[in-house]
Amino acid sequence: MLEVENLSVRYGMIQAVHDISFQVNQGEIVTLVGANGAGKTTILRTISGLVRAYSGHIFFEQQEINKKAPQKIVAKGLSQVPEGRHVFHGLTVFENLEMGAFLQKGKQQKEALDQVFSKFPVLKERRNQDAATLSGGEQQMLAMGRALMSKPKLLLLDEPSMGLAPIFIKEIFSTIEEIKKQGTTVLLIEQNAQMALSIADRGYVLESGKIVLQGTGKELADSDEVKKAYLGG
Ligand code: ATP
């Protein structure tokens, strides 16, 4: 579904991503794990069209997308939940969700909204509240709900567990598994390698902008190298 080939990304003189290749197949949860600064966010933003590749190719359903505008990429069925959520304060929960549905027409929008409300009942309860009044976990749900409003085929999630209490982290990860079961493919970026690998079909470990290990979620979680570097021994 998504193929990244020999991707390199630079910020001026800094090379953040070095010649990486990986793929995401339909129906999978694939995770990219790695420490702070390993290049995870850069890769996601390049796929979404927010950052330009220096070299390499990105294909989504066999079509090259790396020179396309972000809104064209969303229209193809690829939607990103950004790191730090970025929900719109000063707008209600409902208005935030509407912002995610700019490509949907009336009836489709209503259907998407019903699906989001059934997945996240708390958003329905709070639909008329300012998004700023939600807790961190609820804001993460809202950011995910907003991305799901465009009915993506592939959902890109950047650090959904960041800054959340353990109980919310559990809830968010079980929601990601549910999203997969309902037919959306997921590319998940996490510093919380343990949680990410526990739900991932496959994963890649990044270090300084390079892929240093790959395997199934279980293989990586069991690997001594990963345990030492990311799972506290
Ligand atoms: P984090 O978990 O902190 O988001 P990450 O693995 O997502 O880390 P990136 O944010 O992609 O890593 O950063 C990769 C490298 O690129 C780092 O060295 C970072 O300092 C650098 N970098 C990221 N954004 C920019 C930018 N806008 N301008 C210059 N350098 C940047």
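Note that ligands are numbered from 1 as they come in the structure, with each ligand's atoms numbered from 1 the same way. By convention here, the first residue in the shown sequence is residue 1.
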Minimum-distance protein heavy atom relative to atom 13 (O) of ligand 1: Thr42 OG1, 3.8 Å
In chain order, what residues pass the side-chain contact (heavy atoms from CB on, under 4.5 Å) check against Arg127, with sequence neighbours excluded? Phe94, Phe117
protein heavy-atom neighbour closest to atom 23 (C) of ligand 1 works out as Tyr11 CE1, 3.4 Å
Would you mind running through ligand 1 and noting each atom that sits below 4.0 Å from a heavy atom of Glu83? 4 (O)
Which atom pairs, one a donor and one an acceptor, fall under 3.5 Å between side chains of residues 160-169 and the rest of the protein, sequence neighbours left out?
{"residue": "Ser161", "atom": "OG", "partner": "Glu190", "partner atom": "OE1", "Å": "3.0"}
{"residue": "Ser161", "atom": "OG", "partner": "Glu190", "partner atom": "OE2", "Å": "3.1"}

For atom 10 (O) of ligand 1, grab the closest protein heavy atom and report residue, atom and distance to one decimal in Å. Thr41 CB, 3.8 Å
Can you check atom 20 (O) of ligand 1: any protein non-hydrogen atom closer than 4.0 Å? no
Charged N-O contact under 4.0 Å between Lys180 and Asp201: yes
Kindly indicate whether a cation-pi arrangement holds for Arg146 with Phe88, taking the cut-offs as under 6.0 Å to the six-membered ring centre and within 45° of the axis. yes
From the candidates Ala38, Ala16, Gly39, Gly12, the one that places a heavy atom nearest atom 15 (C) of ligand 1: Ala16
Side-chain contact, heavy-atom cut-off 4.5 Å: Gln26 with Lys153? no
Closest approach of any protein heavy atom to atom 2 (O) of ligand 1, naming residue and atom: Gln191 NE2, 3.1 Å
Can you tell me which residue and heavy atom of the protein come closest to atom 18 (O) of ligand 1, and the distance to 0.1 Å? Gly37 O, 4.1 Å
Considering only heavy atoms of Ala35, which atoms of ligand 1 have at least one such atom less than 4.0 Å away? 6 (O)
Charged N-O contact under 4.0 Å between Glu28 and Arg202: yes
If you scan protein heavy atoms around atom 3 (O) of ligand 1, the nearest is Asn36 OD1, 2.3 Å
Proximal atoms of ligand 1 relative to Lys40 (non-hydrogen, under 4.0 Å): 2 (O), 5 (P), 6 (O), 7 (O), 8 (O), 11 (O), 12 (O)
Atom pair CG/CD1 of Leu32 and Ile211 - distance to nearest 0.5 Å: 7.0 Å
